[in-house]
Amino acid sequence: MVKPADVELQRRQVLRLLLAGGLGATALLGPGLLHANTQARITGMRVSNEGQVTRLVFDLSGAVEHKVFTLSNPDRVVIDLTRTRSTANLNLPANAPPPLRGVRHAPRNTHDLRLVLDLSAPTQPRSFLLRPGQGAGHRLVIDLQGGAAAPRPVVAAAPVSRSRDVIVAIDAGHGGKDPGAIGQAGTYEKDIVLAIARRLERLVNNERGMRPVMIRTGDYFLPLRQRIDRAREQQADVFISIHADAAPNRNAQGSSVYILSDRGATSEAARWLAARENEADRRLGSVPITNKDDVLASVLLDLSQTATLEASATLADALIGEMHRVGKVRSRQVERAAFAVLRSPDVPSVLVEAAFISNPEEERKLRDANFQQSIAQAILGGLRAYFNQHAPPGTLIAETRRQQHVIQRGETLSTIAQRYQLSAAELRQYNNLRNDRVQVGQVLRIPQRSS
């Protein structure tokens, strides 16, 4: 007798393959769903370089599951592929771009494969699977960010940093033939949110360690799928979609922040707003955001998006903490709804409702340049708070954070010094402290040991 738990496990494994692009929805039917002894094969490898990104493409005979992590001393990127073996020559070409030094592989757990990329410098890897198309089969793409281009000549005394900026994708909702909501005074949502997005772009651009990427730069229509794709193409670390929607109740007011949910909205307003946004995209003829297979959709977030959703919720919390400084916040909690524009599987994504354009008072505020700037500054404050704790490794913000310590309750100068393998005198002198007294929230600079 087959146990229900085994059936559920098989169902999830099949759906992971579906999401990776390997099977049609009809594969869910009939016996023999999972061929336990079937292994995918790596049939080829290509290496290319563009600017600061070195790309490896592995040709596959079928869809695979994989995970990627880094190791140091020496620097390596490790890729584990489930139920995979290699039948290809994985030797690097003689002119392979830095930081690549070699590719190794070996069986793992009798049926998996481990690839190891030997590097000459640390890097930030990103990976994604490509489905068959345009004459090509399944492919696993590994992008190595940083250290890819040949070093430029520098003045001998000038420090060289490999740290990168975090990339903030800024999405102004609607545009072109999709005006979004329209206020009683004739204000178009698409114009207001683009103005706020441009203000946020300028703020982020002036922020040390951050770089903005505008998803929409003018008055034109972009399908939701293209918005997601543009963010991923730019290797965004976060995606923020800005809106100023309407509500059936014209008294509705306040800002709110949303993340994706496929298990029901947290409020009737969240459900209504998500349905309205998604319907506008379908009505204007864009490509559907996801496969319409109900079983697939029902477990989409249960598969690959768990970590991304957790990061999205953390980012949304940070944003809400700043939005209340601007004005009324409709909900102090993160709202969840099935906004299609938030369905990126690997980029933490949030949707910010700046205010309700259907409320005459809030429509007047949305038209005001000072209010627009305040919204942009609040979003920047949320980004600062988020990246201060969750900046990706290899970024300038992460490196700066590593060189600082925010004093927590119960800590003393002596215990902090021990943590960083310093003496209290070193720490006191480096921070120009007169004595050993410190306060909660105080920021200490941490001297870095020379290697």
Side-chain angles (χ1 to χ4, degrees), residues 170-197 200 216 221-222 224 227 239-284 286 289 312-313 316-317 319-343 349-368 370-372 374-376 378-379 382:
I170 305 171
D171 172 48
H174 307 283
K177 60 184 178 181
D178 175 18
I182 303 175
Q184 283 186 331
T187 308
Y188 283 7
E189 180 185 2
K190 67 176 183 178
D191 298 331
I192 294 298
V193 297
L194 182 59
I196 295 173
L200 178 59
R216 176 168 74 87
F221 174 70
L222 272 181
L224 301 180
R227 295 171 189 262
F239 176 91
I240 297 180
S241 191
I242 303 173
H243 290 254
D245 221 320
N249 179 4
R250 293 193 180 276
N251 292 323
Q253 59 179 314
S255 306
S256 48
V257 183
Y258 295 83
I259 65 172
L260 180 64
S261 171
D262 71 340
R263 294 181 175 85
T266 51
S267 70
E268 191 61 34
R271 183 180 296 106
W272 188 88
L273 287 172
R276 187 181 185 281
E277 296 291 343
N278 298 343
E279 177 58 30
D281 196 65
R282 288 191 291 268
R283 175 170 46 80
L284 292 168
S286 70
I289 196 77
S312 299
D317 277 332
L319 289 169
I320 288 176
E322 295 293 324
M323 297 296 286
H324 79 274
R325 303 177 189 276
V326 179
K328 180 180 175 61
V329 175
R330 197 180 68 81
S331 173
R332 293 277 181 161
Q333 295 182 335
V334 176
E335 297 265 24
R336 297 173 183 262
F339 286 101
V341 77
L342 302 182
R343 286 188 182 272
S349 304
V350 300
L351 186 147
V352 175
E353 290 285 359
F356 282 98
I357 204 169
S358 52
N359 181 308
E361 181 182 347
E362 296 213 329
E363 180 184 8
R364 286 193 295 272
K365 288 199 304 182
L366 286 167
R367 296 167 65 102
D368 182 74
N370 291 330
F371 181 77
Q372 294 173 7
S374 296
I375 291 291
I379 296 175

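Bear in mind the structure is a predicted one, so any value in this text is a computation, not a measurement.
Here the options are Arg216, Glu189, Lys190, the test is side chain to side chain donor-acceptor pair (under 3.5 Å), and the partner is His174; only Glu189 passes.
Nearest approach of Phe371 to Ala354, heavy atoms of both residues: CZ-O, 4.2 Å. Looking at every heavy atom in both residues, Ala378 comes nearest to Val326 through CB-CG2, 3.5 Å. Pairing each heavy atom of Arg227 with each of Phe239, the nearest pair is O-CE1, 3.8 Å. Closest non-hydrogen pair, Ala316 versus Ile259, comes out as CB-CG2, 3.8 Å. Taking both residues in full, the closest heavy atoms of Ser358 and Pro360 are given as O-CD, 3.5 Å, listed atom of the first, atom of the second, then distance. Residue Val350 comes nearest to Ser312 through the heavy atom pair CG1-O, 3.5 Å, listed as atom of the first residue, atom of the second, then distance.
The structure places CZ of Arg367 at 10.0 Å from CD of Gln372, a figure rounded to the nearest 0.5 Å. The CG atom of Asp245 sits 5.0 Å away from the CD atom of Glu353 when rounded to the nearest 0.5 Å. If you take CD1 on Ile170 and CD1 on Ile196, they are separated by 11.5 Å, rounding to the nearest 0.5 Å.
Under the 4.5 Å side-chain criterion, counting only non-hydrogen atoms from C-beta, Ile357 is not in contact with Ile182. Considering only heavy atoms from C-beta on, Ile375 comes within 4.5 Å of Ser255 through its side chain. Proximity of Leu366 to Thr187: side-chain heavy atoms (C-beta onward) are nowhere separated by under 4.5 Å.
The local environment of CD in Gln184 is crowded, with over 12 non-hydrogen atoms from other residues, nucleotides or ligands closer than 6.0 Å. Remark: Tyr188 OH is loosely packed, at most 12 non-hydrogen atoms of other residues, nucleotides or ligands lying under 6.0 Å away.
Without hydrogens or angle criteria, Glu322 side chain to Gly382 main chain gives no donor-acceptor distance under 3.5 Å.
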